[in-house]
There are 2 protein chains.
Amino acid sequence: MIEKNGRVPAGGARPARSAASRGGRAEVLARRPGRSIMRDVAELAGVSAQTVSRVINGHPYVATDTRQRVLAAMRALDYQRNPAARALVTRRSGTLGIVGYESPLYGPTSMLYAIEGAARAAGYFVSVASVRHLDRRSVLDAVEWLRRQSVEGLIAIAPKTSMASALAQATAGLACVTVGGGCSDAIPSAQIDNAGGARLATRHLLDLGHATVHHVAGPSDWPEAGERVYGWRDALQAAGAPTPPVLPGDWSADAGYEQGKALARDRSVTAVFCASDQLALGVLRALHEAGRRVPDEVSVVGFDGTPDGGHYLPPLTSVRQDFAELGRSSLGLLLSQLDRVGDTPILRRDLLLPELVIRSSTAPVPGGDGPAEEVTPASPTPRD
Amino acid sequence: MIEKNGRVPAGGARPARSAASRGGRAEVLARRPGRSIMRDVAELAGVSAQTVSRVINGHPYVATDTRQRVLAAMRALDYQRNPAARALVTRRSGTLGIVGYESPLYGPTSMLYAIEGAARAAGYFVSVASVRHLDRRSVLDAVEWLRRQSVEGLIAIAPKTSMASALAQATAGLACVTVGGGCSDAIPSAQIDNAGGARLATRHLLDLGHATVHHVAGPSDWPEAGERVYGWRDALQAAGAPTPPVLPGDWSADAGYEQGKALARDRSVTAVFCASDQLALGVLRALHEAGRRVPDEVSVVGFDGTPDGGHYLPPLTSVRQDFAELGRSSLGLLLSQLDRVGDTPILRRDLLLPELVIRSSTAPVPGGDGPAEEVTPASPTPRD
DNA sequence: ATGGACGCCGAAAACGCTTTCGGCAATGCC
DNA sequence: GGCATTGCCGAAAGCGTTTTCGGCGTCCAT
């Protein structure tokens with residue numbers, strides 16, 4: 001009754017594993033009672049372990065009834081494959097990493113969840129490492145931490161321009177994608193057409209008859225902020241409108257409030273384009289406190305299209321970006337990198353098109369036509 | 001020159017591993033060139049592999065100079081321990097799971113990052129699984145997915161009451177903690193004192209002379225929403241004020257707007273306590289559109305203390321909860337569960353104290369004293 | 001009959017680490 | 001001087017999978 005491999009056939013429920021091996025040493029670690037392993041399934045199904053493996057991995061050349069027996073045994077034992085053992089031999093962890101910027105911003109959060117959902121659908125686990133501050137050290141640490149977990153690739157959410165080199169250095173030899181801000185030419189990225197969105201917003205205001213549009217920008221070291229500035233300036237120049245100085249801030253309502261106060265003092269400003277909805281919220285408040293009515297005296301446009309924006313006072317016209325789609329897109333980019341392991345990465349940029357949602361914070365310019373008359377703001381040049 | 005274990009001592013840079021084993025079979029999988037393993041380090045340092053292991057794991061009984069040599073070799077080879085191999089033998093993945101509710105809410109997001117930060121400090125990786133809808137099936141799937149990754153424990157963010165059984169069932173035999181909503185007595189949870197916060201808000205309005213306070217609640221199947229209702233009602237009764245019917249919603253500004261429209265029509269309401277800042281945002285808008293001035297005619301209080309709330313029109317008085325601390329607290333709870341593996345879990349509840357931040361959306365009742373006179377709302381009974 | 005070709009399955013060797021056991025020197029104690 | 005103790009280290013087993021190799025039928029074409 002002794003089998004070839006020296007193991008005693010199941011006399012009782014489950015014989016002490018490995019007790020029959022070389023030195024007859026007692027089992028080293030007590031098995032967690034609830035967990036069964038592949039060999040248990042194999043015994044119950046009357047096959048060998050690697051046949052079980054074949055069934056699990058969908059390999060061909062398994063007879064139909066054998067497959068059924070194995071599947072039944074798996075169900076009966078509530079078998080679950082040990083990912084560590086699998087990872088050890090396949091050299092694949094099946095895990096993707098996300099370095100996320102620790103901010104309560106609407107966008108990054110939406111993307112995080114979208115990425116996870118798409119990753120799970122593709123069979124990948126998702127592990128996060130957050131950075132509180134976007135400095136070099138933090139990013140290096142986060143990527144290092146993810147590496148230690150042997151992630152197969154990673155997505156960096158919302159990196160600043162200055163992090164390009166840090167990220168490139170830290171992710172050497174690792175598939176990497178950035179999202180919402182192409183921070184470097186060396187790393188593929190998924191992002192919306194920021195310049196296009198900014199053009200959309202600016203042109204909308206110009207179309208309403210405003211002589212020019214002021215811009216409260218995002219932090220100057222974020223590529224997304226820079227691109228929006230570019231699009232805004234571009235639309236202004238295309239229409240022959242003067243270009244006021246950029247008012248920089250971070251993305252927050254606090255910053256918007258501060259810049260808004262200055263804007264409110266200047267009676268010549270009739271249109272403001274903000275690089276985020278939160279900035280717009282602050283501007284709206286400053287304008288209101290200064291007694292300037294929106295949209296009667298001043299029009300305001302935001303960027304992001306957050307659900308909250310629809311309930312600002314007044315409801316905010318904004319450039320909506322589809323963060324969920326952005327997240328999915330970035331994952332697609334990463335997966336396509338992983339497919340071509342070894343080859344040179346494809347440096348693709350996914351550009352999503354934003355959409356202008358017009359609500360109540362924008363209106364035609366007060367006097368019927370703009371205060372400036374050297375141009376005809378009512379008929380912009382839609383040159384594209 | 002043949003060693004006892006049959007391996008050929010390093011003649012060249014790195015001999016084909018396992019080529020000298022039993023059948024002289026060629027190496028099965030090409031090693032990733034960049035990755036060195038423990039044996040490489042051991043050879044370079046002139047010690048055995050398990051001495052390297054001892055150094056890494058900080059075991060005693062390693063001579064100081066040996067340790068130095070090993071550390072130097074590790075640095076030289078840029079050695080990184082293979083987590084899969086380690087997990088396989090230790091039966092510990094070193095990973096914690098988070099099931100997160102896929103919503104752009106401010107709170108859950110802040111907590112997610114706080115948990116990750118604290119977990120990393122404690123040496124744990126964090127893997128997320130998000131659920132789009134809080135139904136039973138989704139939760140079961142998410143937990144199952146995390147299990148497949150063999151997480152050692154998990155934290156469920158913002159579960160509804162109805163998920164109690166699903167969560168309890170799915171996490172059987174797994175350390176689990178909920179945060180921001182004790183959904184079941186069987187699962188420990190970290191949360192703020194919702195009832196206390198609601199009392200704070202309600203009493204504040206009562207103190208301002210309002211005859212009673214209306215309440216726009218969160219979804220009725222969220223325990224947090226229920227507790228806030230309870231605290232609100234409790235404060236009302238303690239002050240002898242009448243208890244208007246609860247106006248339920250979800251947490252969104254949309255819902256707040258809808259309920260706010262009804263509230264605005266009722267001229268008798270002078271004070272509204274909302275279960276979230278976003279609800280308050282919607283209420284504020286509805287009130288404004290109906291021509292009711294805040295805080296002159298109606299006072300509004302929110303809950304959460306989001307940074308945006310400070311820029312609403314008018315800036316919102318709110319009950320601030322420290323989400324980051326909440327996240328850290330929940331992780332602490334989970335870790336203490338893990339320490340006592342096998343024992344019965346300690347069913348602790350961490351209660352954090354919220355804080356009322358008073359801004360401009362609340363003011364004394366219009367007429368100097370409230371429209372109702374059967375009680376003296378100006379002197380509430382602080383009975384606790 | 002015979003020889004592939006094909007379908008199905010099992011034996012055994014890794015994967016890279018930790019753990020247990022045991023060995024060897026140096027030291028302390030009686 | 002013998003013997004236990006202590007500090008340090010190596011050999012070997014084993015964690016639970018996947019992969020490679022090979023074996024055994026069966027079927028079809030010679």
Which protein N or O atoms sit under 3.5 Å from an N or O of nucleotides 3-8 of chain C?
residue, atom, partner, partner atom, Å
dG7(C), OP2, Y61(A), OH, 2.5

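- The residue from I56(A), T51(A), N82(A) that alone fulfils the side chain to side chain contact (heavy atoms under 4.5 Å, CB included) condition with M38(A) is I56(A).
- Contact check, R54(A) against dT19(D): no side-chain N or O comes under 4.0 Å of OP1 or OP2.
- Rounded to whole Å, atom P of dT17(D) lies 18 Å from atom CZ of R91(A).
- In this structure, CD1 of I37(B) is placed 12 Å from P of dT18(C), rounded to the nearest angstrom.
- Spacing between atom CD of E43(A) and atom P of dC9(C) amounts to 18 Å, rounded to whole angstrom units.
- Using a cut-off of 4.0 Å between Lys/Arg side-chain N and Asp/Glu carboxylate O, E43(A) and R39(A) are scored as not salt-bridged.
- For the OP1/OP2 pair of dT18(D) and a distance below 4.0 Å, the side-chain nitrogens and oxygens of T90(A) include no atom meeting the criterion.
- Spacing between atom CG of N82(B) and atom P of dC17(C) amounts to 6 Å, rounded to whole angstrom units.
- When distances are taken from the side chain of R86(B) to each of dG10(D), dC15(C), dC17(C), the shortest belongs to dC17(C).
- Here R75(B) pairs with nothing under the salt bridge (charged side-chain N to carboxylate O under 4.0 Å, His left out) rule; sequence neighbours left out.
- Summarising the geometry, the separation between CG on L88(A) and P on dG14(D) is reported as 17 Å, rounded to the nearest angstrom.
- What separates CZ of R92(A) from P of dC15(C) is a distance of 19 Å, to the nearest Å.
- For A85(A), counting side-chain heavy atoms from C-beta on, the closest listed nucleotide (dT18(C), dG16(D), dG10(D)) is dG16(D).
- Listed nucleotides: dC17(C), dT18(D), dG10(D). Nearest to the side chain of M38(B): dC17(C).
- By the 4.5 Å heavy-atom criterion applied to side chains, L338(B) and Y124(B) are counted as neighbours.
- Note that the OG1 atom of T171(A) and the CD atom of E144(A) stand 12.0 Å from one another [nearest 0.5 Å].
- Of all heavy-atom pairs between V70(A) and V47(A), the closest is CG2-CG2, 3.9 Å.
- Across the protein-nucleic acid pair, Q80(A) atom CD and dC15(D) atom P stand 20 Å apart, rounded to whole Å.
- Between R39(B) atom CZ and dC17(C) atom P there is a gap of 9 Å when expressed in whole angstrom units.
- Picking from dG10(D), dT17(D), dG10(C) the nucleotide with the shortest atom distance to the side chain of T51(B) gives dG10(D).
- Each of S53(B) and V47(A) lies near DNA chain C, and the nucleotide nearest V47(A) is the one positioned closer to the 5' end.
- A donor-acceptor distance shorter than 3.5 angstrom exists from the side chain of S127(A) to the backbone of V126(B), with no hydrogens or angles considered.
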